[in-house]
Amino acid sequence: RAYFVKVNDATHLPLFEAEAAGLAELAATATVRVPAPLGHGVAAGHAYLVLEYLPLGSRNAGAMERLGQQLAALHRQPQACFGWHRDNFIGATPQPNSPGADWTAFWREQRLGFQLELAARHGYGGAWLRRGEALCARLEDLFAGYRPFPSLLHGDLWGGNAGCTRDGEP
């Protein structure tokens with residue numbers, strides 16, 4: 001049997017734990033195909049994540065259209081709140097997910113505000129940071145009347161993280 005194994009320094013085990021939890025939750029919706037997480041841990045000073053191996057083929061317009069439809073179905077999966085039951089990561093960058101009932105407050109504090117704090121901690125400031133803070137202060141005005149419902153999202157979706165199996169399915 002074939003597996004796909006991701007390996008990193010042992011300190012990165014929390015990334016793999018969060019990824020495995022996210023993949024399991026996405027799979028449970030039965031909306032979009034993701035590789036099943038089979039195990040994770042640390043061995044010989046390295047963290048690892050073992051995933052189901054999916055033999056990939058070429059992308060085609062029909063499969064990408066089906067993927068779009070599947071993602072739309074995923075985004076219609078209602079959740080109790082904005083956020084998630086655990087923090088996770090964007091690459092190696094921590095992403096807080098403290099649950100909240102207010103989308104604008106969640107976005108301000110857990111997404112944009114957190115990224116601005118990281119930027120400031122790493123020496124990025126000045127006009128760029130002031131503009132970000134001004135944006136945070138105006139979110140209620142910018143999103144007046146916008147009331148999204150909490151839904152499950154695939155947080156690390158980009159072109160290199162989506163594909164088609166050999167049978168042409170996303």
Side-chain angles (χ1 to χ4, degrees), residues 1-43 46-104 106-112 114-115 118 139 142-143 146-170:
R1 184 165 177 193
Y3 302 93
F4 183 84
V5 180
K6 296 174 76 170
V7 178
N8 208 323
D9 183 81
T11 60
H12 288 90
L13 179 61
L15 282 78
F16 290 158
E17 292 170 333
E19 183 173 352
L23 288 169
E25 191 151 339
L26 290 169
T29 69
T31 57
V32 63
R33 178 77 162 96
V34 296
L38 302 174
H40 57 274
V42 174
H46 291 89
Y48 64 87
L49 171 62
V50 181
L51 300 170
E52 169 190 20
Y53 175 76
L54 297 175
L56 299 179
S58 299
R59 293 186 204 184
N60 61 65
M64 292 297 97
E65 181 179 339
R66 285 190 300 282
L67 176 59
Q69 293 166 347
Q70 292 169 354
L71 288 170
L74 171 67
H75 295 173
R76 287 190 299 270
Q77 298 292 309
Q79 301 295 301
C81 60
F82 297 100
W84 199 34
H85 63 89
R86 67 174 296 155
D87 294 342
N88 59 4
F89 299 85
I90 301 172
T93 302
Q95 177 170 262
N97 286 308
S98 296
D102 181 284
W103 179 84
T104 305
F106 177 81
W107 183 257
R108 178 189 308 100
E109 296 159 18
Q110 307 285 321
R111 296 297 179 262
L112 182 57
F114 181 73
Q115 291 297 320
L118 285 178
L139 287 178
L142 293 170
F143 292 107
Y146 181 59
R147 302 286 179 260
F149 65 90
S151 63
L152 185 61
L153 305 177
H154 184 295
D156 189 22
L157 183 60
W158 57 285
N161 215 0
C164 296
T165 59
R166 287 189 188 145
D167 61 4
E169 290 301 313

Hey, what do you get for [atom1] ([X]) to [atom2] ([Y]), rounding to the nearest 0.5 Å?
X   : Y    : atom1 : atom2 : result
E52 : F4   : CD    : CZ    : 12.5 Å
H46 : F16  : NE2   : CZ    : 10.5 Å
L54 : D167 : CG    : CG    : 10.0 Å
L26 : T31  : CG    : OG1   : 7.0 Å

Does the side chain of [X] reach to within under 4.5 Å of the side chain of [Y], using non-hydrogen atoms?
X    : Y    : result
H40  : E19  : no
P14  : F89  : yes
E25  : L152 : yes
N97  : F106 : yes
S151 : Q77  : no
T165 : R33  : no

Which atoms form the tightest heavy-atom contact between [X] and [Y], and what is the distance?
X    : Y    : value
L67  : A162 : CD2-CB, 3.9 Å
A20  : P37  : O-CG, 3.5 Å
S98  : D87  : N-OD1, 4.2 Å
R166 : Y53  : NH2-OH, 4.2 Å
Y48  : V42  : CE2-N, 3.5 Å
C164 : R59  : SG-CA, 3.6 Å

Next on the checklist: Has R111 got a side-chain atom pairing as donor or acceptor with P96's backbone, closer than 3.5 angstrom?
Outcome noted: yes

Checklist entry - For the side chain of D9 and the backbone of H12, is there at least one donor-acceptor N/O pair under 3.5 Å apart? => result no

Item to check | Single hit among L23, V34, L38 for side chain to side chain contact (heavy atoms under 4.5 Å, CB included) with L51 | outcome: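 Only one option passes, and that is L23.
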
Item to check | Partners passing side chain to side chain contact (heavy atoms under 4.5 Å, CB included) against P150 (at least two apart in sequence or in another chain) | outcome: Q79, F82

Checklist entry - Do T93 and L118 pass the side chain to side chain contact (heavy atoms under 4.5 Å, CB included) test, and can you show the C-alpha distance, the side-chain angles, and the key distance before you say yes or no? => result CA-CA 9 Å; T93 302; L118 285 178; 3.5 Å; yes

Checklist entry - Would V32 and H154 count as a side chain to side chain contact (heavy atoms under 4.5 Å, CB included) if you check the C-alpha gap in whole Å, the side-chain angles of each, and the deciding distance to 0.1 Å? => result CA-CA 10 Å; V32 63; H154 184 295; 5.6 Å; no

Next on the checklist: Assess the residue pair W103 and F143 against the criterion (ring pair (Phe, Tyr, Trp, His ring centres under 6.0 Å)); give the C-alpha distance rounded to whole Å, side-chain angles, the decisive distance to 0.1 Å, and a yes or no.
Outcome noted: CA-CA 10 Å; W103 179 84; F143 292 107; 5.0 Å; yes

Checklist entry - Who passes salt bridge (charged side-chain N to carboxylate O under 4.0 Å, His left out) against E65, sequence neighbours left out? => result none

